[in-house]
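Please read the structure below before turning to the comments.
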Amino acid sequence: MTNQEALALIRQMLRAPNEEELARLVASSLPHLDGNFYYVLNLSVEQLQREGKKQAAEALRGLGDKMLRMKTLI
């Protein structure tokens, strides 16, 4: 997965209207959730923190945590 693809998927997941839709996105994206995806996710969290956007950084970190839990349940 390229960095741009990872960012696009992260944005799509952040816009998921509920947990069910997020779970569907995670399940359909499993083959693509590689190390680079999580690398880009973590870089994005760090960038938001540097910019002082603590709430957005926490939301993104929470998304990553949810995804990891969902990934192990699927």
Side-chain angles (χ1 to χ4, degrees):
M1 174 171 280
T2 68
N3 290 1
Q4 291 301 323
E5 291 168 334
L7 285 172
L9 185 55
I10 290 167
R11 286 185 190 110
Q12 186 178 12
M13 289 179 175
L14 284 171
R15 284 188 232 119
N18 53 50
E19 293 289 320
E20 290 174 11
E21 179 63 16
L22 179 59
R24 187 192 67 72
L25 285 169
V26 170
S28 67
S29 302
L30 277 178
H32 309 288
L33 299 179
D34 58 8
N36 191 59
F37 174 84
Y38 287 101
Y39 174 75
V40 170
L41 183 93
N42 288 328
L43 280 180
S44 298
V45 169
E46 291 171 9
Q47 179 66 33
L48 289 167
Q49 288 174 331
R50 281 193 298 275
E51 293 173 0
K53 299 176 181 176
K54 185 177 179 179
Q55 190 174 17
E58 290 301 317
L60 193 53
R61 181 176 288 130
L63 172 66
D65 291 345
K66 282 182 196 177
M67 289 175 56
L68 287 173
R69 285 193 304 274
M70 288 176 179
K71 192 174 174 180
T72 60
L73 294 174
I74 295 173

**Prompt:** Who are the side-chain hydrogen bond (donor to acceptor under 3.5 Å, both in side chains) partners of E58, not counting sequence neighbours?
**Reply:** R61
**Prompt:** Sequence neighbours excluded, which residues qualify as side-chain hydrogen bond (donor to acceptor under 3.5 Å, both in side chains) partners of R11?
**Reply:** none
Taking only residues two or more places apart in sequence or in another chain, which ones pass side-chain contact (heavy atoms from CB on, under 4.5 Å) with [X]?
X: N36; answer: N3, D34, Y39, V40
X: T2; answer: Q4, E5
X: A56; answer: L48, K53
X: A16; answer: E21, L22, L25

Can you tell me how far apart [atom1] ([X]) and [atom2] ([Y]) are? Round to the nearest 0.5 Å.
X: L60; Y: Q47; atom1: CG; atom2: CD; answer: 11.5 Å
X: M13; Y: R24; atom1: CE; atom2: CZ; answer: 9.5 Å
X: L41; Y: I10; atom1: CG; atom2: CD1; answer: 4.5 Å

**Asked** Is any side-chain heavy atom of Q12 closer than 4.5 Å to a side-chain heavy atom of S29?
**Response**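 No. Closest side-chain heavy atoms not under 4.5 Å.
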**Prompt:** Which pair of non-hydrogen atoms, one from F37 and one from H32, has the smallest distance, and what is that distance?
**Reply:**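 Scanning both residues, the minimum pair turns out to be CB-O, 4.3 Å.
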**Heavy-atom neighbours of E51 CD exceed 12 at 6.0 Å** = yes
**Item:** Listed partners of E46 passing salt bridge (Lys or Arg N to Asp or Glu O under 4.0 Å), at least two apart
**Value:** none
